[in-house]
Amino acid sequence: MTNGPTPTPAPTPAPASPPAHLADLTATRLVAGYAAGEFSPVEVTRAVLERAEAAQARTNCFTRITADEALAEAGKSAERWRSGTPAGPVDGVPVTVKDLLLTRGTPTLRGSRTVREEGPWDEDAPSVARLRESGAVFVGKTTTPEFGWKGVTDSPRHGVTGNPYDPGRTAGGSSGGSAAAVALGAGPLSLGTDGGGSVRIPASFCGIFAVKATYGRVPHYPASPFGTLAHVGPMTRDAADAALMLDVICRPDWRDWSQLEPAAGSFRAALEEPVAGLRVAFSPSLGWDVPVAAEVAAAVRRTAETLAGLGAVVEEIDPGVTDPVEAFHTLWFSGAARVVQRLDASQRALLDPGLREICEQGARYSALDYLAAVDTRMALGQAMGRFHSAYDLLVTPTEPITAFAAGTEVPPGSGHTRWTGWTPFTYPFNMTQQPAATLPCGVDGDGLPIGVQLVGPRHADALVLRTAHALYEAGAAEIPAPPAP
């Protein structure tokens, strides 16, 4: 890395001891074990359901656990493995789904008392459908703030979701339930959504991996009221599992008119490509006045140094863009107002008070206000495109802080009024539609995870995943596991 001493190469990590519990295995390891006959999907599902119940008691990360259905699916998967005919790459792997994504046979309540539980619930979202076709075992639906509106996970319908490392702290959001479930062994794979950081924020706070691929790479239906800010993304134990999952869920679905053409190759196959020679920009604060906690800054800098030790050409430089938060608010709050537009006064009274506030603000924006925000978004995208003509990858903190008190939108005493105030590194890359991933890079003095964010140019999803994978292989993402639930 320039502007500093030459880093020493990252040490080769010692071989990890095998996990003592089936629920601790990655999806990649589970599939290999099924193929070799080491254990069955039924055994794994029973172990994961046990963890799910414990995780729910510890963190309130589920809206419901579908044990009977999961065991039935696992039994069918076991039969397919015995006959040598697995349905797909994740056959028999336990999966959880954020309660914003349609799941056939299970209510999708969106954290809101305004959604009727009766259904009918007869359709899968595209990503859920692809996992089902591949033989995944659905363990349950995970918690979200109401309609996914904020960066922490509490809702009028399902209450507060705590952090696996300290249930008195937030899991982050809006995919907080998914992050807590993965961290505590309640399934190695989870589907989250990300409109302003909603897979990356909770993954950072809970010590797991998550990636928001280029917009349109994963088909999304029904279309989000937050428009083209919203992505669907894998939340997993590591980058290899995310690549495995992304290979499945990025397959086309005609219901999403804005989807990209099929990926050119396998994300999993691309993981082994080298990172040596990559041009990496390390930006500790994006050049903005962001008070990054000292322990966070140090951990993220160590990650940049590890990349340099792996042969990347790392330079400390900012992308030269300004904070687009006001434009983001215009787009986000307008989307929220659209979410509740159909509700009458009695139903609006049931909403999260913070959601009600931003909906009222969003309803006051004019069409010209909205188009001005679109102009800002386009200019930001152009600026980042120019920046990535010189740099293959951008490294930043995922969050400037670690997890704070659960049940609050902003850290107590921070002076922030909305969740965007404390997560300045995530929402800009929803506006630009770039791929962005987070992985753990250390813990603070309280033992809470710290995340580092890797951002690539549009369509460079494989590059982001392979760089993250290289960091896992180098041992740079190893942190203590959360206390057993």
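FYI, the numbering just counts along the sequence from 1.
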Charged N to carboxylate O below 4.0 Å: is that the case for [X] and [Y]?
X    : Y    : answer
D124 : R130 : no
K150 : D154 : yes
E315 : R279 : no
D122 : R104 : no
D99  : R64  : no
E146 : R110 : no

Calculate, to the nearest 0.5 Å, the distance between atoms [atom1] and [atom2] belonging to [X] and [Y] respectively.
X    : Y    : atom1 : atom2 : value
L30  : L22  : CG    : CG    : 7.5 Å
Y472 : R237 : OH    : CZ    : 11.0 Å
D352 : S155 : CG    : OG    : 8.0 Å
L286 : F429 : CG    : CZ    : 5.0 Å
L49  : R51  : CG    : CZ    : 12.5 Å
E273 : L278 : CD    : CG    : 10.0 Å

Check the side chains of [Y] and [X] for a donor-acceptor pair under 3.5 angstrom, ignoring hydrogens and angles.
X    : Y    : result
S175 : K98  : yes
Y427 : D194 : no
N430 : R200 : yes
Q453 : T438 : no
T28  : T26  : no
Y215 : Q434 : no
T303 : T306 : no
T96  : K141 : no

Taking atom CZ of R132 as the centre, report whether more than 12 heavy atoms of other residues, nucleotides or ligands fall under 6.0 Å from it.
yes

Side chain [X], main chain [Y], donor-acceptor under 3.5 Å:
X    : Y    : value
N163 : R169 : no
W288 : V321 : yes
R157 : G111 : no
D241 : A27  : yes
H220 : A223 : no
S389 : R386 : yes
T108 : L101 : yes
D91  : A136 : no

Pairwise side-chain contact, [X] with [Y], heavy-atom cut-off 4.5 Å (strictly under):
X    : Y    : value
L394 : F282 : no
V395 : V452 : yes
M235 : F209 : no
W332 : L229 : yes
L102 : V128 : no
E326 : T330 : no
P126 : R255 : yes
V90  : L244 : yes

Centroid separation W422 to F404 less than 6.0 Å:
yes

Evaluate side-chain contact (heavy atoms from CB on, under 4.5 Å) for T170 paired with T153, printing each intermediate quantity in order.
CA-CA 7 Å; T170 182; T153 299; 5.7 Å; no

Taking all non-hydrogen atoms of both residues into account, name the closest pair between [X] and [Y] and its distance.
X    : Y    : answer
G197 : T426 : CA-CB, 3.6 Å
V300 : G451 : CG2-O, 3.9 Å
P188 : V93  : CG-CG1, 3.8 Å
T214 : H231 : C-CD2, 4.1 Å
P219 : D256 : CA-OD2, 3.3 Å
N60  : T161 : O-OG1, 2.7 Å

Salt bridge (charged side-chain N to carboxylate O under 4.0 Å, His left out): pairs with one or both residues in residues 211-221, sequence neighbours excluded:
R217-D461

For P164, give me all partners under side chain to side chain contact (heavy atoms under 4.5 Å, CB included), at least two apart in sequence or on another chain.
A180, A183, L184, C206, P482

